[in-house]
Amino acid sequence: MRASPRPQRPWGWAEPQPPVLVAAAAADPERPPLLPRVAASEGGGMLGKGVVGGGGGTKAPKPSFVSYVRPEEIHTNEKEVTEKEVTLHLLPGEQLLCEASTVLKYVQEDSCQRGIYGKLVCTDFKIAFLGDDESALDNDETQFKNKVIGENDITLHCVDQIYGVFDEKKKPLFGQLKKYPEKLIIHCKDLRVFHFGLRYTKEEEVKRIVSGIIHHTQAPKLLKRLFLFSYAAATQNNTATDPKNHTVMFDTLKDWCWELERTKGNVKYKAVSVNEAYDVNERLPAYFVVPTPLPEEDVRCFQGRGIPIWCWSCHNGCAVLKMSALPKEPDDGLLQNQKSFLDGIYKTIHRPPYETVKTEDLSSNFLSLQDIQTAYSKFKQLFLIDNSTEFWDTDIKWFSLLESSSWLDITRRCLKKAIEITECLEAQNMNVLLLEENASDLCCLLSSLVQVMMDPHCRTRAGFQSLVQKEWIMGGHCFLDRCNHLRQSDKEEVPVFQLFLDCVWQLVHQHPPAFDFTETYLTVLSDSLYIPIFSTFFFNSPHQKETNMGREGQETQSKPLNLLTVWDWSVQFEPKAQMLLKNPLYVEKPKLDKGQRKGTRFKHQRQLSLPLTQSKSSPKRGFFREETDHLIKNLLGKRISKLINSSDELQDNFREFYESWHSKPTDYHGLLLPHIEGPEIKVWAQRYLRWIPEAQILGGGRVATMSKLLEMMEEVEHLQEKIDESHHSQEVLPAEAPPLLRSSARLSSLFPFALLQRHSSKPVLPTSGWKALGDEDDLAKREDEFVDLGDV
């Protein structure tokens with residue numbers, strides 16, 4: 001059936017456009033042509049990029065026929081249309097703000113652009129596209145669904161950049177627009193890219209939806225206007241199923257005492273409640289840990305600044321401490337007071353020969369926040385791909401682009417610095433004091449990495465979540481500013497926590513059996529940064545959270561809000577999907593018999609074999625005075641002309657420690673060091689490449705190996721059940737395979753985020769880059785052969 005052609009009239013302000021190509025409706029009486037698929041030639045152009053339909057690059061193949069029928073002119077039964085439309089699911093407290101009909105959502109496949117028509121809506125929580133996507137997976141067994149965020153949903157906080165296409169030119173959109181685009185492109189912070197065609201949408205609806213999206217994603221907000229509070233108020237009477245998930249929240253004095261006892265740090269350190277009312281420092285938590293000899297009165301002297309705050313204790317009694325800098329004072333008298341104060345503080349943590357300390361000035365001798373911000377801005381652009389042509393155009397210069405971003409180098413430097421700190425604790429038996437302006441960015445990152453490397457408890461899921469609570473949430477990391485949730489300052493947006501997750505992923509990737517959680521867990525944790533129903537990542541400090549929850553205003557009759565924590569994974573995922581967050585290959589610590597336990601104590605197995613323990617434990621005389629002056633200069637904001645220890649000596653110690661550890665078999669319940677040589681630091685493929693079909697391997701990758709291992713484990717468990725039940729003469733029930741990993745041949749290497757591919761075909765090689773390598777047809781024949789595993 002073919003519609004008779006008619007001349008079309010595009011709406012008011014748009015320039016005259018080429019005819020739209022509309023696929024003929026299927027002759028299925030039970031399925032009316034509600035939202036026809038479109039092989040669209042309009043609005044595909046990008047500036048400076050070889051994009052299909054644009055000003056350069058490979059063009060899409062010509063269509064077989066042309067139809068001049070507008071989508072709304074296709075005869076459909078209105079009753080059937082309303083039945084077929086996908087309904088908008090609103091969360092408690094969520095309100096619809098604006099919507100637009102007849103919006104085309106593009107699906108990039110090879111060099112063609114196809115899509116489906118539907119409705120684009122904007123609420124105070126998300127942007128959502130509602131359409132009849134007949135290519136969506138119907139098999140629920142293979143779905144890894146988020147109960148809060150759908151496949152076509154974008155939370156307002158997840159929007160990174162918005163672009164419009166005007167006459168095949170891509171331009172960023174912000175503020176009030178005089179002219180509205182024919183195509184809307186949204187880049188997300190989780191690296192998804194959405195293309196929406198607006199050519200056949202009514203003019204008033206286009207103005208409303210585009211203006212609404214720009215305003216609600218880019219305009220500065222007030223904290224109380226976050227959807228977090230609307231959701232909490234609407235669900236105030238609901239009770240969470242498992243709010244803490246065995247995670248220590250560190251919001252009580254008891255939690256800190258428990259952690260001190262667990263790490264045997266209660267001998268030298270004590271938990272204090274001097275800041276319980278947040279009258280000492282609003283950036284500090286209500287409870288924290290300081291050295292036992294330190295009087296609580298000293299904590300109040302400079303509003304908690306210049307105080308060594310305990311992070312974690314090693315098995316040999318050494319500890320990681322952090323300290324924020326004192327305010328700069330121009331007056332000489334006040335400067336002398338600060339110096340005397342710091343001298344007294346330093347003596348509480350540096351008592352040779354029993355206890356020595358090594359200072360690490362992160363503000364002047366390590367990465368800057370600007371370095372991290374610049375590197376990630378370049379790095380993420382490698383994955384914000386508009387279509388297949390752009391992907392293959394940039395593929396031949398992938399390594400140079402990756403190196404120029406410096407993101408992997410920054411990841412390597414963080415891991416290297418964490419190993420250096422570990423070497424001081426483990427081999428030299430020294431305390432390590434981390435210095436930073438506010439002790440809330442790089443201090444959080446490095447202290448957390450050291451604990452993941454040295455403490456096997458932090459490699460369990462509950463232990464890792466407790467670590468994030470202790471070092472990042474209670475440590476005062478400014479998530480509200482660093483994630484730019486309020487859109488108040490782009491300069492403050494620095495992905496420090498994302499850098500930490502990247503570093504942890506390197507460890508998980510290199511030592512999978514050592515971790516109770518999977519890379520999928522880390523990926524969904526990074527995505528949760530932008531879901532504003534959880535309070536975990538939407539405040540700058542515990543004080544800010546307490547104030548806005550209403551707990552400080554007990555005289556008011558309003559009940560304090562009960563804010564959700566991200567650690568309750570049942571809010572986002574069903575139990576079946578949560579199985580993918582737990583590592584089935586995790587090697588649990590063996591339980592010792594009573595006879596074995598009697599004469600042993602917790603200690604790393606590698607320490608006795610490290611040659612640095614004897615030779616580097618006692619530093620030179622005169623080092624203590626220099627180290628004290630070094631600390632004072634750092635905290636007073638003075639520049640340091642040279643390091644206390646020679647860099648050659650530090651490099652020798654590090655290299656000897658590093659090579660000695662890697663020369664021995666790995667103890668997954670002891671010290672764990674990453675490989676940091678160039679090729680060993682890799683791109684986190686699951687997070688950064690999961691939305692790019694060309695980067696996926698169907699039926700391959702690590703998921704295939706994992707699937708086979710799980711099948712073997714399932715078979716062993718089934719045999720064990722048969723043996724156990726045979727003794728009780730009970731009927732044997734067949735064991736059930738993990739449903740999400742049952743058929744690895746049908747899955748993508750980036751599972752579970754990339755499942756069955758909708759249309760699989762060979763990639764289109766770009767003409768611009770491959771001419772020098774030989775004939776393009778020959779390359780296409782020799783390489784990129786596709787094997788369809790969908791029916792295996």
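- Contact check for W691 versus V193: no side-chain heavy atoms found under the 4.5 Å cut-off.
- A 6.0 Å sphere centred on NZ of K254 holds no more than 12 heavy atoms belonging to other residues, nucleotides or ligands.
- Classification of E574 and K145 as a salt-bridged pair fails, no side-chain N sitting under 4.0 Å from a carboxylate O.
- For F479 and F497, the ring centers are positioned less than 6.0 Å apart.
- Relative orientation of the Y521 and W569 rings is perpendicular, given thresholds of 30° and 60° on the angle between their planes.
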Take E282 and S541, measure what side-chain hydrogen bond (donor to acceptor under 3.5 Å, both in side chains) needs, and give me the verdict at the end. CA-CA 8 Å; E282 293 182 354; S541 65; over 6 Å; no

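- The ring of F515 has its center no closer than 6.0 angstrom to the ring center of Y668.
- No close placement of the H157 and F227 rings is indicated, their centers lying 6.0 Å or farther apart.
- Aromatic ring pairs are classed by plane angle as parallel below 30°, tilted from 30° to 60° and perpendicular above 60°; the pair Y530 and H485 is perpendicular.
- Counting only heavy atoms from C-beta outward, the side chains of V566 and F537 approach each other to under 4.5 Å.
- At a threshold of 4.5 Å between non-hydrogen side-chain atoms, the residues R305 and N438 count as touching.
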Full working for side-chain hydrogen bond (donor to acceptor under 3.5 Å, both in side chains) between D371 and S368 = CA-CA 5 Å; D371 293 337; S368 68; 3.0 Å; yes

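- Note on R687 versus E519: no salt bridge recorded, every NZ/NE/NH1/NH2 to OD/OE distance being 4.0 Å or above.
- From L435, atom CG reaches atom OG of S324 across 9.5 Å, with rounding to the nearest 0.5 Å.
- K582 and D516 are joined by a salt bridge, as a carboxylate oxygen and a charged side-chain nitrogen come within less than 4.0 angstrom of each other.
- Between K470 and E259 there is a salt bridge, with a side-chain nitrogen of the basic residue lying less than 4.0 Å from a carboxylate oxygen of the acidic one.
- To the nearest 0.5 Å, atoms CZ (F250) and CD1 (I473) are separated by 12.0 Å.
- The OH atom of Y376 sits 12.5 Å away from the CD1 atom of I410 when rounded to the nearest 0.5 Å.
- Within the 4.5 Å cutoff, side-chain heavy atoms of I186 are placed close to those of C188.
- How far CZ of R192 is from CG of D153: 7.5 Å, rounded to the nearest 0.5 Å.
- With values rounded to the nearest 0.5 angstrom, Q236 atom CD is found 13.0 Å from Y231 atom OH.
- Taking the six-membered ring for Trp and the full ring otherwise, Y688 and F379 have centroids separated by under 6.0 Å.
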task: Output, in order, the C-alpha distance, side-chain angles, deciding distance and verdict of salt bridge (Lys or Arg N to Asp or Glu O under 4.0 Å) for R482 and E492.
output: CA-CA 6 Å; R482 293 291 175 251; E492 294 293 322; 2.9 Å; yes

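- R225 has no carboxylate O lying under 4.0 Å from a charged side-chain N of D124, or vice versa, which leaves the two without a salt bridge.
- Between D481 and K491, no side-chain nitrogen of the basic residue sits less than 4.0 Å from a carboxylate oxygen of the acidic one, so the salt-bridge criterion is not met.
- Side-chain contact between V571 and F534 is present, with heavy atoms from C-beta onward closer than 4.5 Å.
- One finds no salt bridge joining D527 and K189 here, because no Lys/Arg side-chain nitrogen approaches an Asp/Glu carboxylate oxygen to under 4.0 Å.
- Side-chain contact between W312 and M454 is present, with heavy atoms from C-beta onward closer than 4.5 Å.
- Using cut-offs of 30° and 60° for the angle between ring planes, the Y269 and W310 rings count as tilted.
- No option in L130, I213, N152 other than I213 meets the side chain to side chain contact (heavy atoms under 4.5 Å, CB included) test with L120.
- Between atom CG of residue D455 and atom CG of residue L672 there is a gap of 11.5 Å, rounded to the nearest 0.5 Å.
- Side chains of L434 and L321 form no contact here, defined as non-hydrogen atoms less than 4.5 Å apart.
- Heavy atoms of other residues, nucleotides or ligands lying less than 6.0 angstrom from CD of Q303 number 12 at most.
- Aromatic ring centres of F500 and W472: separated by under 6.0 Å.
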